[in-house]
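These numbers come from the heavy atoms of this one structure, side chains and all, not from hydrogens, waters or symmetry mates.
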Amino acid sequence: MRAIRTRSQDRILNLLKTVKQGISAQDIYVELRNRNQSMGLATVYRSLEALKLEGMVQVRTLGNGEALYSLAQQDKHHLTCLQCGASIPINQCPVHDLESQLQDTHKFRIFYHTLEFFGLCSQCQVAHAAGE
């Protein structure tokens, strides 16, 4: 059953369909203004929250605390460097079976999941070892 969405929510969904990777609420606000579809920043956050609860939008929080929003269409898995912020997507997922099991066992409707490993990328490891 499709929820009834506000015009603001529809505008955000349409924007997210054109973006290849996650985008911050602040960048969504700026991009909508550039498209002459201005709305207040508080409205952007409220709309994102409603879309998240509907399972349409997923949020990924980076090591620096920044939240990135994207359409909830596939699960995301990353290796994220705490030093430079590089984020390397990984394709294999060890938890798909667990997800199905959890849905059955707990009668819990899962929209998506994220799996993220934090550490240092190879370049930052070299810089760290060199004492930079």
Side-chain angles (χ1 to χ4, degrees):
M1 186 177 91
R2 181 180 134 86
I4 296 168
R5 293 197 193 97
T6 65
R7 187 171 46 196
S8 300
Q9 291 168 355
D10 281 335
R11 286 178 175 175
I12 289 172
L13 278 178
N14 289 333
L15 170 63
L16 290 176
K17 286 174 188 167
T18 69
V19 178
K20 293 294 174 251
Q21 75 278 357
I23 183 173
S24 71
Q26 189 76 40
D27 288 342
I28 290 171
Y29 168 76
V30 169
E31 187 56 36
L32 287 170
R33 200 173 57 201
N34 292 343
R35 295 177 177 202
N36 293 319
Q37 297 182 349
S38 263
M39 68 181 75
L41 189 56
T43 302
V44 171
Y45 278 107
R46 268 196 314 276
S47 297
L48 285 167
E49 187 63 21
L51 291 168
K52 186 179 76 174
L53 292 177
E54 193 188 322
M56 293 299 298
V57 167
Q58 66 188 55
V59 62
R60 177 172 167 244
T61 306
L62 300 181
N64 65 4
E66 183 179 29
L68 298 181
Y69 297 87
S70 60
L71 290 180
Q73 52 198 142
Q74 76 263 19
D75 300 321
K76 308 273 195 220
H77 310 92
H78 296 86
L79 301 172
T80 299
C81 181
L82 293 167
Q83 183 89 32
C84 70
S87 193
I88 305 155
I90 51 175
N91 294 320
Q92 66 267 45
C93 177
V95 298
H96 278 297
D97 291 340
L98 175 61
E99 183 176 295
S100 300
Q101 189 183 328
L102 290 171
Q103 286 197 114
D104 293 342
T105 310
H106 296 279
K107 304 292 180 246
F108 189 88
R109 184 171 170 214
I110 297 173
F111 293 134
Y112 65 90
H113 71 263
T114 60
L115 180 63
E116 194 149 11
F117 298 92
F118 295 92
L120 294 178
C121 68
S122 55
Q123 287 180 313
C124 289
Q125 288 175 58
V126 170
H128 193 71
E132 288 182 9

field: Atom CG of N34: over 12 foreign heavy atoms under 6.0 Å
entry: yes
- request: Would you indicate whether Q103, at its atom CD, is surrounded by more than 12 heavy atoms from other residues, nucleotides or ligands within a distance under 6.0 Å?
  value: yes
message: According to salt bridge (Lys or Arg N to Asp or Glu O under 4.0 Å), does anything in residues 109-124 pair up with another residue at least two apart or in another chain? List the pairs.
response: R60-E116
If you look at every heavy atom in [X] and [Y], which pair is closest and at what distance?
X	Y	result
S47	T6	OG-OG1, 4.5 Å
A72	G55	CB-O, 3.4 Å
L120	C81	CA-SG, 3.8 Å

- request: Please check if L13 and F111 belong to a single hydrophobic cluster, counting links between Ile, Leu, Val, Met, Phe, Trp and Tyr side chain heavy atoms closer than 4.5 Å.
  value: yes
Please identify each residue that fulfils side-chain contact (heavy atoms from CB on, under 4.5 Å) with [X], with sequence neighbours left out.
X	result
S70	Q58, K76
N64	L62, E66
K107	none
L102	L98, H106, I110

Quick one, [X] and [Y] - any side-chain contact, counting heavy atoms below 4.5 Å?
X	Y	result
Y112	V59	yes
C93	H113	yes
Q83	Q125	no

query: What pairs with R11 under salt bridge (charged side-chain N to carboxylate O under 4.0 Å, His left out), at least two apart in sequence or on another chain?
result: none
Which donor-acceptor pairs under 3.5 Å do side chains of residues 37-44 form with protein atoms, sequence neighbours excluded?
from: T43; atom 1: OG1; to: R46; atom 2: NH2; distance (Å): 3.1

message: Clusters formed by hydrophobic residues whose side-chain heavy atoms approach within less than 4.5 Å: which one holds I90, and what are its other members?
response: L79, I88, L115, F117
Inter-residue atom distance [X].[atom1] - [Y].[atom2], 0.5 Å rounding:
X	Y	atom1	atom2	value
T18	I23	OG1	CD1	7.5 Å
D10	L51	CG	CG	8.5 Å
L82	H128	CG	NE2	11.0 Å

Run the side-chain donor-acceptor check on residues 25-32: report pairs under 3.5 Å with partners two or more places apart or on a different chain.
from: D27; atom 1: OD2; to: S24; atom 2: OG; distance (Å): 3.3
from: E31; atom 1: OE2; to: R35; atom 2: NE; distance (Å): 3.3

query: Residues in side-chain hydrogen bond (donor to acceptor under 3.5 Å, both in side chains) with E49, at least two apart?
result: K52
